[in-house]
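This one's a predicted model, so the numbers in the text were calculated from it and none came from an experiment.
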Amino acid sequence: QVQLVESGGGSVQAGGSLRLSCAASTMSGGVAWFGQTPGNEREVVAASYSGSATQDYTDFAKGRFSISRANIKNTVSLQMNSLKPADTDMYYCAARCGGWGSWDKEGSYHCWGQGTQVTVSS
């Protein structure tokens with residue numbers, strides 16, 4: 001089982017930036033960042049594919065967020081710019097760990113971190 005540990009969350013004002021990091025015990029295969037508000041399901045924010053420079057983003061993240069991975073260091077990051085109050089969420093790092101399916105589905109990822117809170121104030 002891959003261990004994932006997120007860091008970098010915090011409180012910022014609207015328009016500010018944060019960089020989330022995820023340290024993995026090992027990293028191969030696809031990885032992604034999900035956001036979750038209490039009472040709701042996790043929703044994908046961005047995904048990165050193994051062996052490829054391709055990334056995918058949800059519409060609200062395009063142009064503002066950037067996912068990057070460093071396979072040698074077993075890390076994946078999410079740079080979040082131009083933050084909005086609506087971005088307030090618990091953010092989770094996820095890895096495929098043998099899962100399959102669409103990049104934007106929670107069930108496609110079998111390994112999860114504990115989450116890091118992002119709060120954006122207006």
task: Identify, with sequence neighbours excluded, every residue that meets salt bridge (charged side-chain N to carboxylate O under 4.0 Å, His left out) alongside K62.
output: D59

message: Applying a strict under-4.5 Å side-chain criterion to I, L, V, M, F, W and Y, I'd like to know whether L20 and V12 cluster together.
response: yes

query: Do D87 and F65 come close enough that some side-chain heavy atom pair is under 4.5 Å?
result: yes

Side-chain polar contacts of residues 35-44 - donor-acceptor pairs under 3.5 angstrom, sequence neighbours left out - could you list them?
{"residue": "Q36", "atom": "NE2", "partner": "N40", "partner atom": "O", "Å": "2.8"}
{"residue": "T37", "atom": "OG1", "partner": "N40", "partner atom": "ND2", "Å": "2.6"}

statement: Closest heavy-atom pair, G8 versus L18, reported as atoms and distance to 0.1 Å, is O-CD2, 3.8 Å

- prompt: Do you know the tightest heavy-atom contact between V45 and Y91?
  reply: CG2-CE2, 3.8 Å

statement: For residues 102-122, the ring-ring contact (aromatic ring centres under 6.0 Å, His included) pairs (sequence neighbours left out) are F34-Y109, F34-W112

- request: Could you pull out all residues at least two apart from N81 that satisfy side-chain hydrogen bond (donor to acceptor under 3.5 Å, both in side chains)?
  value: S17, Q79

task: Compare all side-chain heavy atoms of T58 with those of D104 and state whether any distance is below 4.5 angstrom.
output: no

field: Interatomic distance, R69 atom CZ to S48 atom OG [nearest 0.5 angstrom]
entry: 4.5 Å

query: Between C22 and Y92, is any pair of side-chain heavy atoms under 4.5 Å apart?
result: no

field: Interatomic distance, I72 atom CD1 to M27 atom CE [nearest 0.5 angstrom]
entry: 10.0 Å

- prompt: Which residues pass the side-chain hydrogen bond (donor to acceptor under 3.5 Å, both in side chains) test with E6, sequence neighbours left out?
  reply: Q114

- prompt: Taking only residues two or more places apart in sequence or in another chain, which ones pass side-chain hydrogen bond (donor to acceptor under 3.5 Å, both in side chains) with N74?
  reply: none

Test item: Y49 and V31 side chains (from C-beta on) under 4.5 Å apart, heavy atoms: no

